[in-house]
Amino acid sequence: MSAAAILDLGKIPSKVNPELQSERNCSSLTPYISEITAIVDGGRNNTEKRRQIERILFKDPLFRDCAIDSVYKPREELYARGVERSVRLFALKEEYNWTDEEFGIAVYVINHQYSLGLHTVMFIPALERLSTEQQKAKWLHLARNYQIIGTYAQTELGHGTNLQGLETIATYDATTEEFILNTPTVTSIKWWPGALGKSVNYAIILATLIIDGKKHGMHPFLTPLRSTEDHKPLPGVKVGDIGPKLTFNTVDNGYLILNNVRIPRENMLMKNAQVSREGHFTSRGPSKANYSAMILVRVTIVNWCSVILSNSSTITVRYSAVRRQSTLDSSSEKESKILDYQTQQYKVFPSLATAYALFFVSKTLKNRYLKTYAEIMKGNFKNLPEIHCQSAGMKAMSAEMTVELLEISRQACGGHGYLAASALGDVVASAKALVTVEGENTVLYLQVARYLMKRFAAAVSGERLSGSTEYLCMDPIKYTCPINSPGDCMNVSLLCQVYRFRAYRMISKAARMLQRDIEGGKKQHEAMNDNLVQLVRAARAHLLYCMVVDYNNC
């Protein structure tokens, strides 16, 4: 079917399919739909706010045709339209005086189909979290008013999740009070930052700081890349587009090569570490504090997973309610709705349930992050390892669950699910990026596992634990399974106890296997490598327990 034919479908009078309406009439939830909507939107005022924003956006064909664009337009046109939408969104934000929250609703409404998302998702939050007050006064208003457009350049061609392996360097020159940035090897080329290919003129670059030949760890450097006059790359900067991707081609992901690029000393974002004019290095708090913007994005990804599953579940449930195939009752002349088949329900309902679960989990995780971030701003870094573990693990778990359930949803729509116009194919392909973006899932699981091994060792030594690992102090001998009947499986509080004990058993098993191998003469890294599978299983068990607890506490 051509794009023109698809557009012609819009001329059909809008009405609810009778099959779908009959399902709604029979649902016990229908009387509470406005209440559920308010919960999902975060309150009735937010529901009205969202609807107002929808009315504003959908009057404009630029936004109304987002879904059709992603299916039928070529890559170059997708990017051009994405830039156009970005500019229009920024203008609407100013025209209607939208808050950051309201702007986020607008982005949600158009399903992130714009090109300059990294500017608001990572660049501005990184400036807010990593800059001194003086630096914020200089740079934030320029970013918020779109006088500069930026991205966050961390990942390299040869390194992604292993941040300690990043090779980009920033060498301090005390004679000129400048940092000299270089990507000295092919593998050190910055690779993947969104909007880097063609759009941005600034980047926050993560690089290893070197002073007098000594390395001082990874730090953020605000670096101009293109002229604000003619948008041409500045001296020493080579920058471009990395090419087509499976999806998300509204965004120009790019590469960056730096050759002796000099920036002023003040362009090192110095909230957590400082370099004096003379070249003296001082730090405040642990190095992981520099990753606060990355942690925020991982927290946000959990919410994205909920939204993606909500969209796909809506498509699949509605399709299942109107599609008829074969008959359950041979005496009936009318074919049965496929939603009435138990096998279809087993495909459809877990995705819908997980969408709701991740929605509540993401809200709890976001609140936990905001609380920890407030503590960090006051110089208290006590809970940073906990939120780093939680954000990494929940990102990995939610992305893994989402990708698996999306493919099941697509298959549940039969051959129609394979049609581009269903939007499911694009959704499935887009979600696959979440498995590797902001940290490859297996590596993140292993980061969680290392944290769990440290906490388990502390529990064994008699330390009183708090936070998500408090249960590691339990006495397993005292545990009795609380499930005594099938009905008990509907009691989430009882399920919390089951998942709690399961996580404890799997974590303690991984710890015993590591201890056995080390005591047997293996070096620590050998013992770790020989037990990676069990460590990942232990991490998943812990995260699943945390998800059930967070859901139960909402």
Side-chain angles (χ1 to χ4, degrees), residues 27-30 32-51 53-54 100-112 121 295-318 347-371 387 390-406 408-409 423-424 427-428 430-431 433-435 437-438 468 490 492-493 495-496 499 540 543-554:
S27 173
S28 60
L29 291 177
T30 297
Y32 307 101
I33 196 65
S34 61
E35 196 174 325
I36 295 172
T37 301
I39 291 172
V40 172
D41 284 329
R44 296 187 186 277
N45 289 339
N46 282 353
T47 297
E48 181 53 34
K49 195 179 300 180
R50 171 177 58 79
R51 288 170 177 165
I53 292 171
E54 287 175 344
D100 288 342
E101 180 185 4
E102 290 167 335
F103 182 79
I105 293 173
V107 170
Y108 162 77
V109 167
I110 67 168
N111 201 25
H112 297 268
V121 172
I295 292 173
L296 174 60
V297 175
R298 288 175 176 172
V299 170
T300 304
I301 286 172
V302 180
N303 177 255
W304 289 351
C305 289
S306 170
V307 172
I308 291 168
L309 279 177
S310 298
N311 292 341
S312 66
S313 295
T314 300
I315 295 170
T316 309
V317 170
R318 288 180 176 178
K347 294 175 185 177
V348 172
F349 293 165
S351 180
L352 180 60
T354 303
Y356 276 105
L358 290 183
F359 168 77
F360 290 111
V361 169
S362 69
K363 284 174 65 72
T364 302
L365 184 61
K366 180 70 175 290
N367 291 336
R368 193 174 290 136
Y369 167 81
L370 292 175
K371 180 181 178 181
I387 194 63
Q390 285 276 295
S391 63
M394 289 300 186
K395 176 267 173 188
M397 177 70 83
S398 59
E400 182 179 282
M401 295 167 73
T402 298
V403 168
E404 179 181 351
L405 289 168
L406 284 175
I408 294 172
S409 295
L424 286 171
V427 170
V428 170
S430 298
L434 300 178
V435 174
V437 71
E438 295 306 323
S468 68
M490 301 294 289
V492 182
S493 296
L495 290 177
C496 285
Y499 280 103
R540 284 198 182 110
L543 294 164
L544 200 53
Y545 164 65
C546 291
M547 279 189 171
V548 175
V549 170
D550 287 349
Y551 177 79
N552 188 48
N553 291 338
C554 280

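Every value quoted in this text rests on a predicted model; they were computed, and no experiment measured them.
Salt bridge annotation for Glu54-Arg50: present, with a cationic side-chain nitrogen under 4.0 angstrom from a carboxylate oxygen. Remark: Lys363 does not engage Asp550 in a salt bridge, criterion side-chain N to carboxylate O under 4.0 Å.
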Mind running side-chain contact (heavy atoms from CB on, under 4.5 Å) on Glu101 and Asn46 for me, showing each step along the way?
CA-CA 10 Å; Glu101 180 185 4; Asn46 282 353; 3.5 Å; yes
Leu424 vs Ser312, test: side-chain contact (heavy atoms from CB on, under 4.5 Å). Steps then yes/no.
CA-CA 7 Å; Leu424 286 171; Ser312 66; 4.0 Å; yes
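When only modelled atom types and interatomic distance are considered, Ser362 and Ser306 share no side-chain donor-acceptor pair under 3.5 Å.
In this structure, Leu358 and Thr402 have side chains that are in contact, with non-hydrogen atoms separated by less than 4.5 Å.
For the pair Leu434 and Ala399, the tightest heavy-atom approach, listed with the atom from each and the gap, is O-CB, 3.6 Å. The shortest heavy-atom contact between Glu438 and Arg298 is O-NE, 2.8 Å.
With values rounded to the nearest 0.5 angstrom, Ser391 atom OG is found 13.0 Å from Lys366 atom NZ. Distance check: Gln390 CD to Leu543 CG gives 7.0 Å after rounding to the nearest 0.5 Å. Considering CG of Leu365 and CG of Leu370, their distance stands at 9.5 Å, rounded to 0.5 Å. Note: Ser310 OG to Tyr108 OH = 6.5 Å, rounded to the nearest 0.5 Å.
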